[in-house]
Structures are given as structure tokens and as C-alpha cells.
Amino acid sequence: MHDSHNSTAARLFETEGTGNPLDVLKRVYGYSAFRGKQQDVVEHVVAGGDAVVLFPTGAGKSLCFQVPALCRNGVGIVVSPLIALMRDQVEALKQLGVRAAALNSSLTRDEAIAVRHSLAAGALDLLYVTPERAVTDAFADMVADTDIALFAIDEAHCVSQWGHDFRPEYRGLGCLASRFPGVPRIALTATADPHTRDDIIKRLGLDRARVFTTSFDRPNIAYEIVERDQPRQQLLRFLSRFKDASGIVYCLSRAKVDDTAEWLNTQGIRALPYHAGMDRALRDAHQDAFLKEERLCLVATVAFGMGIDKPDVRYVAHLDLPGSVEAYYQETGRAGRDGLPSEVWMAYGMADVIQRRRMIDEGGSPEEIKRIERGKLNTLLAICETAGCRRQAILAHFGEAHPGRCGHCDTCLKPVETWDGTEAAIKALAAVYRTGERFGAGHVIDVLMGTINEKTERFGHVDMPVFGAGKDLPPRTWQSVFRQLLAAGLIKVDHSAFGALQLEPEARSVFRRERQVLFRKDRPSSGKAARGTKSATARERSDLAGSDLELFEKLRSQRLAIARDMDVPPYVVFPDTTLIALAKQRPRGFEDLLDVPGIGESKREKYGEAFLAVIDAFEEGGG
Ligand code: ADP
Ligand code: ZN
């Protein structure tokens with residue numbers, strides 16, 4: 001297999017060293033144009049420049065280092081954080097006829113020797129290594145006599161302690177600059193906050209690199225955030241929109257991951273758990289199933305996701321609030337890498353706010369970091385509680401203005417009403433204050449509602465003026481009021497006092513009526529999703545219809561059969577975008593195949609006949 005593959009590659013890269021980027025893009029990847037700023041990056045790196053690439057997920061970062069590596073002399077060395085994923089990336093490249101390999105501890109001795117030989121023989125276009133390995137003397141010795149086209153540092157935000165994926169080994173990568181002077185380095189990440197960016201530049205010695213940024217908007221992702229009410233039923237309703245697709249459900253704790261996955265299976269949804277507490281082999285097996293199966297719900301902690309480049313993740317659901325907008329955006333960003341319509345959904349409630357605040361307060365960080373963490377959490381809460389466009393609010397956080405409302409987040413689709421809650425806020429704050437700032441929301445709401453029970457009697461709260469002062473609103477609304485007061489920083493939760501609510505200094509301005517308080521109206525508890533419960537498939541939403549859709553399904557079965565046979569994820573054979581184009585364009589001859597996006601020379605040779613046969617049979621059958 002290796003030989004035939006090498007000969008294809010040799011033919012593809014006869015022009016190595018003098019490769020023209022557009023030519024490589026067409027022949028190898030089957031794409032006729034670069035996207036956005038890809039071309040600028042590619043030209044800069046081909047010419048030997050260093051680059052920092054800050055593009056959102058799905059923008060096409062991989063091509064930014066792969067194409068220059070193919071155009072320049074020598075091997076491109078890619079530093080990538082996760083061994084489990086190198087295999088898939090290497091496999092995808094091999095499918096394209098690129099001579100790629102990974103060198104890591106999962107290889108057998110013989111495999112490792114074979115990779116070294118290929119490297120020494122100049123027979124590799126791309127070599128994937130872990131950061132730990134890239135900084136060793138042994139590695140420097142190994143490549144001492146090799147032409148190196150470039151170093152690509154993927155997931156470069158791992159270098160930063162500000163991020164949530166900090167990997168100390170990344171810090172060492174700064175040494176590449178001095179060890180390999182003259183070799184261009186390109187760092188890539190989808191995390192763009194200024195802190196992380198500065199860390200990447202400083203820690204990796206990239207001060208002379210050109211920084212490439214692009215809009216962080218992900219127009220194909222629809223955002224929805226709902227108030228948690230009956231989380232399981234709400235989740236089920238959300239998942240019912242994706243009968244034929246795969247996605248991720250994030251939970252905060254391992255136990256919740258296990259429970260949720262188990263429960264989803266009883267509801268007829270194939271789900272597998274993934275978290276760091278699982279046996280490694282099982283965890284890897286579940287990840288593998290997620291990549292290879294077409295309809296699987298992976299229930300996971302945030303331990304899952306980094307470096308997963310499955311392009312057809314159609315949804316991401318959060319059952320718990322993430323810790324920051326950055327984390328939320330990164331996790332939701334795993335949906336829709338292929339640019340096709342995808343949905344992300346989060347259910348959150350007051351308990352999340354309390355839990356997240358506790359995690360910060362009780363965490364080991366110094367006070368100065370805690371303050372930053374609290375600030376980050378508050379920003380996310382503001383996005384949860386906004387009555388405006390979610391996308392606008394998110395992008396504003398990343399310093400980007402979005403012109404007008406986006407039109408396909410929940411608040412745009414179904415505008416949220418607000419109400420002047422100044423009077424309600426005053427009552428709520430007064431109830432907290434009068435009862436001594438010693439009680440949680442449940443009890444304070446009992447007081448406001450005038451509920452006579454053991455606790456309200458024992459503490460003498462039944463005799464207070466605030467007792468029953470809130471009867472004009474239902475308890476559900478009071479819960480919403482307290483959640484929003486918390487989100488607005490007017491009250492806080494004292495964890496050392498069993499979750500007692502306490503007033504923040506800011507509350508004073510509300511008492512004095514110096515500040516108007518606007519609350520968003522929660523949606524009725526029927527929990528009807530913003531865009532209804534339609535279960536349009538991703539395919540329908542990407543405007544495939546009628547016989548095109550039928551043909552698509554046939555092409556999809558063919559793809560699955562080939563993928564199973566080769567034991568690779570289906571998207572490694574062709575992404576959905578290519579199948580959709582095949583179904584619409586219906587090429588009949590071998591020549592026409594190269595006009596289909598995603599079909600380059602190598603894939604045409606490998607799969608062209610098989611897919612043409614499906615199209616022929618379909619057309620003859622009168623489809
Ligand atoms: P990122 O690493 O930025 O998340 P990827 O490199 O995985 O993005 O690319 C996302 C998807 O877009 C892939 O399926 C890739 O093949 C596709 N893609 C990238 N560049 C182009 C292009 N110029 N034309 C068409 N498709 C592209
Ligand atoms: Zn919107």
C-alpha cells in the first residue's frame with residue numbers, strides 16, 4: 001500500500017519546491033480558490049515569513065500550513081497536541097496523496113523506524129509531532145540533515161495560561177526559533193482574545209511574525225440559550241431536530257456525563273460518554289466511534305473536543321454553563337466546521353451561576369486571577385440574559401461589531417420582551433436584606449410569596465413587612481428575578497454560608513431608585529424552541545431537495561461502505577460538501593469529477609469510479 005501511495009505522491013509532487021499554491025490547491029485538494037485570507041497567509045509563508053494565524057474554527061487553518069509545506073522544499077513539521085488525533089489528520093492527508101506521517105509514542109518500534117527512514121530519504125511532505133518531542137535534542141539531531149519547509153504550531157493557544165487548554169510543553173517551543181533559524185514558523189489557533197494572542201507571540205518568539213486575523217463570526221451556526229426548566233425534556237426536544245446527524249452534549253461533571261448518556265440511550269438516541277475519568281481505551285473507542293459513525297451523540301466533559309476536526313458536527317448542546325465566553329465559543333465552535341447549517345443550544349439556570357462562582361471562589365487561583373475569572377463569567381452571563389442579538393453580543397466581546405441583528409439566533413428569531421423590574425428588584429433585595437442575608441433563593445422566595453412553613457415561622461419571617469410582598473408575581477418569575485440580579489452583580493452568593501444571598505454594594509443604587517432595572521421576560525415554560533420543533537435534516541437545510549436528496553443518500557451509503565472498508569471516518573473519504581456538490585452537479589465522466597469541490601487528483605483516482613457508478617445507476621433508474 002505504501003508503495004503505490006508513494007508513486008501517486010511522487011507524481012503529484014514532481015514540482016515540489018517550485019509548487020504554485022493555486023496549482024497545489026486544485027490538484028491536491030480539489031478546490032479552485034482560497035478562502036478569505038488563506039492566500040495571504042500561504043504566500044507570506046511560502047516566501048519564508050513567520051505568521052500567527054487567528055481564524056475561527058472552520059475557516060480553513062490547515063491549508064495555511066499544508067499548502068506552503070507542499071510548495072516549499074523539504075518537510076513541514078507540524079506540532080500538534082493530541083496523539084489520538086494525529087492519526088486521523090495523517091490519514092486524511094494520505095487520502096489526498098500527500099506523504100504524511102506522525103512520530104509519537106503510539107508507534108511500534110518498526111513503525112517509528114520506517115518514519116525515520118522516510119524522513120531521512122526526503123520522502124515526507126508533512127511530519128506530525130507532539131510538543132514534548134519537538135523540543136528534545138534527539139529531535140533536533142534527527143532532523144539535522146533534513147530540509148525543513150516550515151514549523152506549524154497548531155492549537156497555539158495551548159501556550160497560554162489564560163486559556164483553558166494550557167499545556168506547559170508548549171512553552172518550550174520558543175526554542176525552535178534559535179535552533180532552526182531561517183525556517184518559517186506559523187502558529188495557528190481559533191482563540192483570539194488579546195491576552196492569548198500576546199502570549200503566543202511572546203512565548204513562541206514570534207514578535208516579527210505577521211499576524212493574520214479574520215472575522216470570528218460563524219454565520220452557519222445558529223445560537224440558542226434557554227432557561228433551564230426540565231433539562232432532559234428540553235434536551236430531547238433539541239436533539240429531535242437532528243435525527244440523522246452527530247453532535248456533542250457538554251456536561252460539567254463526569255457523573256452527569258454518564259447519567260445523561262445512559263438516559264439518552266433509553267430514549268432511543270445512540271449516545272456514548274467521554275470524560276477523563278474513563279478507562280483510556282474505552283474513551284479512545286468512543287472518540288473513534290464519534291468520528292466514524294454518522295448518527296452519534298457524544299456526551300462529554302470539556303476534556304473532549306480540542307483538535308477534533310470532524311467537519312460534520314451538526315449540533316453542540318450545553319447542559320451546564322461554561323466558565324467564560326471564550327470557552328463557550330470554542331466549544332460551540334466545534335459545530336459546523338464544514339460551513340453547513342448547524343445549531344448550538346444551552347440550557348442554564350441559577351444553579352449554574354452559583355456553581356460557577358463557587359468553582360472560582362474555592363479554586364486555587366490567586367485573588368487577582370479570581371477577579372478576572374469572575375469578570376469572564378459575568379460577561380457570559382450577560383450574553384445569556386441579553387434581550388439583544390446573541391451573535392452581536394458574542395462578537396462584541398471579541399471586539400468585533402456585527403452590523404445589525406443576525407436574524408438566526410433565538411433572540412432574533414423570537415425577540416425577547418423586557419419589563420421594568422425596578423419595583424420587583426427592590427422587593428427582592430429588601431427580602432434578602434430583611435431576612436439577614438442568611439438564606440438562599442428558595443427561602444427568600446417563600447418569604448416574598450408569603451408561604452407559611454416551618455422555616456418562615458421559626459425565623460419569625462411571617463411577621464415581616466416583606467412577607468407576602470411579592471404575591472403579585474409567580475414564584476417562577478421570582479426565580480428569574482434572582483438569577484438576573486445575580487447576573488447583573490446586584491447580589492452575590494456566599495458559599496461559606498450555604499449559598500446565602502447577600503447584597504452587593506451596587507444594590508444601594510437600586511434601593512435609592514437611582515437605577516432602573518430591566519429584566520428579560522422568560523419564555524413560557526412550554527419550552528417551545530425558538531425555531532419550533534421542526535426536524536429538518538441538515539441536508540434539507542442546505543437546500544438539497546427531491547431527487548438530489550435521494551441521490552445524496554445513495555452517495556452517502558457508498559461513502560460509508562468505503563469508509564468502513566478502510567476503517568476511516570466517512571469525511572476522510574469525502575466531506576458532506578463534496579457529496580452535496582456531486583448530487584447537484586451529477587458528473588458523468590472522469591474528467592468532470594475535477595470540477596467538483598473537494599475532488600483532487602488522488603481522490604479522483606481512488607474513489608472516482610465508485611461514485612460515478614452510483615450516479616450512473618441513479619440516472620438510469622430515472623432519478
Ligand atoms: P480550521 O482548522 O480552521 O478549523 P479546517 O482546516 O479544518 O478549518 O477546514 C475546514 C473545512 O473547510 C475543511 O473541510 C476544509 O477542507 C474546508 N476548506 C478549507 N479551505 C478551503 C477552500 N479554500 N475551499 C473550500 N473548502 C475549504
Ligand atoms: Zn441574532
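Worth saying up front: this structure is predicted, and the values here are computed from it rather than measured. In each ligand, atom 1 is the first atom listed, and ligand 1 is the first ligand listed. Just the heavy atoms: all of them, side chains too, but no hydrogens, waters or symmetry mates, feed the values below.
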Report yes or no: does His408 have an N/O/S atom closer than 2.8 Å to the Zn ion (ligand 2)? no

Give a yes-or-no answer on whether the side chains of His408 and Arg391 include a donor-acceptor pair shorter than 3.5 Å. yes

Which residue owns the protein heavy atom closest to atom 24 (N) of ligand 1, what's the atom, and how far is it? Tyr31 CG, 3.5 Å

Using 4.0 Å as the upper bound for N to carboxylate O, is an ion pair formed by Asp154 and Lys61? no

Where the closest heavy atom to atom 7 (O) of ligand 1 is concerned, which of Lys61, Arg334, Arg337 has it? Arg337

Going by heavy-atom distance to atom 6 (O) of ligand 1, choose the closest among Ala92, Ala59, Ser62, Pro56. Ser62

Regarding ligand 1, does Gly60 bring an N or O atom to under 3.5 Å of one of the ligand's N or O atoms? yes

Can you find an N or O of Leu25 that's nearer than 3.5 Å to an N or O of ligand 1? no

Between Asp338 and Arg314, is there a salt bridge with N-O shorter than 4.0 Å? yes

So, are Arg185 and Asp50 salt-bridged, with charged N and O less than 4.0 Å apart? yes

Between ligand 1 and Gln38, is the shortest N or O to N or O distance under 3.5 Å? yes

Heavy atoms of the protein only: does one fall short of 4.0 Å from atom 10 (C) of ligand 1? yes

Once you restrict to heavy atoms under 4.0 Å, what part of Phe34 touches ligand 1? Side chain, backbone, both or neither. backbone

Counting only heavy atoms, which portion of Ala33 has something under 4.0 Å from ligand 1: side chain, backbone, both, or neither? backbone

Ligand 1 contact on Thr57 by region, counting heavy-atom pairs under 4.0 Å: both

Compute the angle centred on the Zn ion (ligand 2) spanning SG of Cys389 and SG of Cys406, and express it rounded to 10 degrees. 100°

Test of proximity, Asp309 against ligand 1: N or O pairs below 3.5 Å: no

Per-atom contacts, ligand 1 versus Leu63 - under 4.0 Å to a heavy atom: 19 (C), 20 (N), 21 (C)

Do the side chains of Arg167 and Glu155 get close enough for a salt bridge, i.e. N-O under 4.0 angstrom? no

Between Asp576 and Arg559 (salt bridge meaning N to carboxylate O under 4.0 Å), is one present in this structure? yes

Before accepting this row, confirm whether a basic side-chain N of the pair Glu132/Arg171 lies closer than 4.0 Å to the acidic partner's carboxylate O. no

Would you check whether Pro575 reaches within less than 4.0 Å of ligand 1, judged by its heavy atoms? no

Is any NZ, NE, NH1 or NH2 atom of the basic residue among Arg390 and Asp410 found under 4.0 Å from an Asp or Glu carboxylate oxygen of the other? yes

Does Lys26 make a cation-pi contact with Tyr31 (under 6.0 Å, within 45 degrees of the axis)? no

Looking only at non-hydrogen atoms, find the nearest pair between Leu380 and Pro322 and report the distance. CD2-O, 3.2 Å

